[in-house]
Amino acid sequence: MSILEATVVFLAASTSAWASSPTNIFAPVSTPANTIIELSTFVLAVTGAVFVVVFSLLVYAGVKFRMKAGDDTREPAQIYGSSQVELAWTVIPVLIVVVLFLAAARVIAGIQNAVPPPGTIQVTVTGHQYWWEYRYPDLKVVTANELHVPVSDPAHPTPTFLTLLSADTDHSFWVPRLAGKMDLIPNHPNRLWIDPHQTGLYLGQCSQYCGVQHAKMLLRVYVQTRADFDAWVRQQSQPAVVNQTPSEGQHIFETTSCVNCHTIDGTAAKGRFGPDLTHLMSRETIASGATLNTPENLRAWIHDPNVLKPGCLMPAMGLSDPQIDAVTAYMETLH
C-alpha cells in the first residue's frame, strides 16, 4: 500500500470514528440538539459571509490604493460626512444582529416552551459532588449515574423531560448529541428535554466546574428500544434480594457509616447523601462513570475511593481485607 493510499484509509477511518463519536456535536440524534446545530450553521453562514465581504474590501482597498512610484505624497483633500455611507454601515449591521437575535430566540423558545405530550417520561436529575441521581417519579425508579430513556419514534414521540436540581453547588448537564447545556442551580429548578431517534450509548460531562472531581463527573445516557426500556424499569422496580440470614458483608455494611449515605431497599440502609445501591450491579460503571463496574474495581473503590477518584466525598472506612472481601461479595448480589 502506498503512502497516499494509507493516508486516504487513515483519514477515512478517522472521519468515520469522529462521526460516530458519542460526544460529536455535529451528529445530533435528538430534536433539541438538531435545532441547535441548525442555528449554529445559520450563524456561521451569516458571519462567514460578513467576513468574506469585509476581508475582500480590505484586500481590494490595499491593492487598489497602495503607494506607487511617482504618487503625489501630499495629503489628499479631506471629505467629511456621507449620509448614505453612514446610514449603510449603521442599518446593515443592525439588521444582521436583529436577524441573528430572532433566529436564536426562536430556537430557545422552541426548546424551553415545549409542552410534554402524553406518554412523556419524567425524570428528576439531581447533581451532587460528584455524581448524578436519577428519579423517575411516575415509574417509582431511583438510580444513579446512568440514565436510561426510550427511543422516540417521530411517528409516536416519546420524549424524556428532565427536571434539573442541585444538592450542593452549580453543575451543568450536557450530552452533546442529545441537547444543549443546562445548569443545575441550588434552589432554582431548570428543565431540559430530549427525544433520541437512535438507540445507543451517549456520553456527556458536567460542564460547570463544581470542585476537584468535576472532570470525573461523567454522564452516560442509554437510549433503548421501548421493550428494552420497559424491561429495565421492571428490573429496577424489584426490591433488593435480601436473605433471611444477613451475610457477613451485609452485616458489616449495615453496622458502619455506609447506611448513613446509601440506600438499599429492604434493608436498614436509607441514606440519601450517596447513590442508591439497590441495583448496583445492573450498572456498567461506578464512581459516576470513572471506571468499569468490575469486582476488582468495586473492591478497590470500597477499600479507598480516593485511589480511583481523588477528592471524592466518600471516605475510606478503614475495613480489614476480609471485611472488604465480604462487603464486595455482598455488593455483587445487588442486581
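Residues Arg191 and Pro116 meet the side-chain proximity criterion, which asks for heavy atoms closer than 4.5 Å. The closest side-chain heavy-atom distance from Lys270 to Val259 is not below 4.5 Å. Counting heavy atoms from C-beta outward, Ser282 and Gln235 have side chains that approach closer than 4.5 Å. Cys206 has its side chain out of reach of Leu218: every pair of non-hydrogen atoms, C-beta onward, lies at least 4.5 Å apart.
In this structure, OG in Ser207 is found 11.0 Å from CE in Met182, a value given to the nearest 0.5 Å. Taken from CG in Leu165 to CD1 in Ile185, the straight-line distance is 11.0 Å, to the nearest 0.5 Å. Going from atom CG of Asn34 over to atom CG of Leu178 covers 12.0 Å, rounded to the nearest 0.5 Å. Distance check: Gln198 CD to Ser30 OG gives 10.5 Å after rounding to the nearest 0.5 Å. Here Thr278 contributes atom OG1 and Asp265 contributes atom CG; the two are 4.0 Å apart, rounded to the nearest 0.5 Å. Thr291 OG1 to Glu296 CD: the interatomic distance, rounded to the nearest 0.5 Å, is 10.0 Å.
Taking all atoms of both residues into account, the shortest heavy-atom contact from Val151 to Pro196 is CG2-O, 3.4 Å. When all heavy atoms of Pro150 and Thr158 are compared, the closest pair comes out as CG-CG2, 4.0 Å. Closest of all the heavy-atom pairs between Ala27 and Arg177 is O-NE, 2.7 Å. The minimum heavy-atom distance linking Thr225 with Thr199 is given by the pair N-CG2, 3.8 Å. Nearest heavy-atom pair across Leu319 and Val327 is CD1-CG2, 4.2 Å. Smallest separation of non-hydrogen atoms from Leu292 and Asn297: O-ND2, 2.9 Å.
Under the 3.5 Å distance criterion, the side-chain polar atoms of His214 are matched with a main-chain donor or acceptor of Gln208. Side-chain atoms of Thr90 never come within 3.5 Å of backbone atoms of Leu87 as a donor-acceptor pair (strictly under, hydrogens ignored). Looking at Glu332, its side chain never comes within 3.5 Å of a backbone N or O of Pro295 through a donor-acceptor pair. No side-chain donor-acceptor contact under 3.5 Å links Gln205 to the backbone of Trp174. Here the side chain of Lys309 pairs no donor or acceptor atom with the backbone of Met314 at under 3.5 angstrom.
A donor-acceptor contact closer than 3.5 angstrom is absent between the side chains of Gln250 and Ser247. Inspection of the Gln236 and Tyr136 side chains reveals no N or O donor paired with an N or O acceptor under 3.5 Å. Side chains of Thr285 and Asn293: no donor on one and acceptor on the other come within 3.5 Å.
Taking Val52 as the reference, Ser56 meet the side chain to side chain contact (heavy atoms under 4.5 Å, CB included) condition, with sequence neighbours excluded. Qualifying side chain to side chain donor-acceptor pair (under 3.5 Å) partners for Arg66, counting only residues two or more places apart in sequence or in other chains: none. Under the ring-ring contact (aromatic ring centres under 6.0 Å, His included) criterion, Tyr134 pairs with no residue, sequence neighbours left out.
Each of Thr143, Ile264, Val142 was checked for a side-chain contact (heavy atoms from CB on, under 4.5 Å) with Asp276, and the lone residue meeting it is Val142.
Hydrophobic clustering (side-chain heavy atoms under 4.5 Å, transitive across Ile, Leu, Val, Met, Phe, Trp, Tyr) keeps Ile194 apart from Leu39. Hydrophobic clustering of Ile, Leu, Val, Met, Phe, Trp and Tyr side chains at less than 4.5 Å, counting indirect connections, keeps Ile286 apart from Met217. Grouping the Ile, Leu, Val, Met, Phe, Trp and Tyr side chains by contacts below 4.5 angstrom, directly or via other members, places Ile36 with Phe42.
The aromatic rings of Phe253 and His262 are tilted relative to each other, their planes meeting at an angle between 30° and 60°.
Other residues, nucleotides and ligands contribute only 12 or fewer heavy atoms inside 6.0 Å of the NE2 atom of His251.
A salt bridge is absent between Asp230 and Arg234: the closest approach of a Lys/Arg side-chain nitrogen to an acidic carboxylate oxygen does not fall below 4.0 angstrom.
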